[in-house]
There are 2 protein chains.
Amino acid sequence: MKRTKAAQSEATTGRLLAVAREHFTRDGYAAAATERIVAEAGVTRGALYHHFGNKLGLYRGVLEQVHAEVGQRVEAAAMTEQDPWQALQAGCRAFLEVAADADVQRIMLLDAPAVLGWAEWRAMDARHSMRHLQEQLELLAQEGYLHPLDTEALAYMLSGAMNEATLWIATQENPQRALQKAADSLHRLLAGLAV
Amino acid sequence: MKRTKAAQSEATTGRLLAVAREHFTRDGYAAAATERIVAEAGVTRGALYHHFGNKLGLYRGVLEQVHAEVGQRVEAAAMTEQDPWQALQAGCRAFLEVAADADVQRIMLLDAPAVLGWAEWRAMDARHSMRHLQEQLELLAQEGYLHPLDTEALAYMLSGAMNEATLWIATQENPQRALQKAADSLHRLLAGLAV
DNA sequence: TTATTATACATACAGGCTGTATGTATAAAT
DNA sequence: ATTTATACATACAGCCTGTATGTATAATAA
């Protein structure tokens, strides 16, 4: 069986990313051993270091996937609404639902800031989910719906509030109910921004 | 020179905590080597494991200190105001200022959630800073100043917003100005909660 | 006062994990 | 057909944590 190098490479990196994602979710970054990841992926650590450079590189790859998925789903939800306010609300609500996944919580919210540092973590987030949030806020501001505030500061604070909310929701015995409470609270907070 | 065991113990744990705090702040939890910490503290790893059980135990000790300091300063600021709304605002503002310290940012905000897990991190926070926040919200709710909302959900979201805000502020070239922007935004968000 | 016990460490060792250096087979390019 | 580059596998060195064991001294009991 002959395979092209590109195909071989893609197959290996794909398996590594998939297995690593499970391990990073279940064990966390520190306790996830590269030896166990590569064994489950059917390769050796040589392959990992060839494709990703080091353990951190593999983590970046996984994190990029998670961020991209979250960003897509949030954007999709926001785009169903025409009214800017409704779009913002829909996007926020979608985030609260999407971020309920264990992968998102452990990898993207809990470990990533400590592993990559806040700046790199935020930079990656900015390329995906949070960019939409700030754009939406700026749109509202330009159309005069918003009190005169710094949209950047606002975006970070709202993002932080939602991140914390999803982690809180996940610990509640009735997550559905907790989600509603968080959404209500968020709704009220956003209401304070409107003129 | 004869020393009592209790005094000896206190002196050693004190030095270990002080040195560890510096290392955890500068290097982060993962990269802080116990060997280097004990060397700088003038003891061996035997002492560390005797008093703190393991590296995580030492981290818990440091974190408890940081949390306690932050909690005290926030409470002190809040207590200067009589009006519940003013007290809440003052406490929030104080937190934004106190959490500008590198120790607080790296240890308490960035690493702790990943190292201890969200539940234990929040439990420790609840015993210090966040307890005041929720109490204040409940006070406001009971006196009818607040829209009917879940104060627990609200407390987590506001806490998350402020945590993120301080980390953002620290990256801005003009932190003083950024602090003001964040405080303004927070003020507006809180305004949405009032009836 | 003396014998015993418990505390506060120091030292030595074992195991795990990351990163690097090196070797090899095969696809791609010349 | 030969050279080169890619995609790995293997072996090794170094660091770091936790544990097991030894020891001196303060606290306690007899």
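Within every chain, numbering begins at 1; the chains are lettered A, B, ... in the order of the sequence lines, protein sequences first and strands thereafter. All figures in this text were calculated on a predicted structure; none of them were measured in a lab.
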> What one-letter contact string describes nucleotides 5-17 of chain C from 5' to 3', where B marks a base within less than 4.0 Å of any protein heavy atom, S marks contact via sugar-phosphate atoms alone, and - marks no contact?
Replying inline: --BBBBB-----S

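Comment: B:Glu135 engages B:Arg131 in a salt bridge, judged by a side-chain N to carboxylate O separation of less than 4.0 angstrom. Of the charged side-chain nitrogens involved, none lies within less than 4.0 Å of a carboxylate oxygen, so that B:Glu40 and B:Arg15 do not count as a salt-bridged pair.
Following rounding to the nearest Å, B:Leu56 (CG) and D:dC16 (P) show an atom-to-atom distance of 18 Å. For the pair A:Ile37 CD1 and C:dG19 C1', the interatomic distance rounds to 15 Å; values are reported in whole Å.
Listed by first then second residue, pairs satisfying side-chain hydrogen bond (donor to acceptor under 3.5 Å, both in side chains) with a partner in residues 67-79 of chain B read B:Arg21-B:Glu69, not counting sequence neighbours.
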What side-chain donor-acceptor pairs closer than 3.5 Å can you find for residues 155-162 of chain B, not counting sequence neighbours?
from: B:Ser159; atom 1: OG; to: B:Arg122; atom 2: NH1; distance (Å): 3.2
from: B:Ser159; atom 1: OG; to: B:Arg122; atom 2: NH2; distance (Å): 3.1

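Annotation for A:Arg106 and A:Phe24: closest pair CG-O, 3.6 Å, computed over non-hydrogen atoms.
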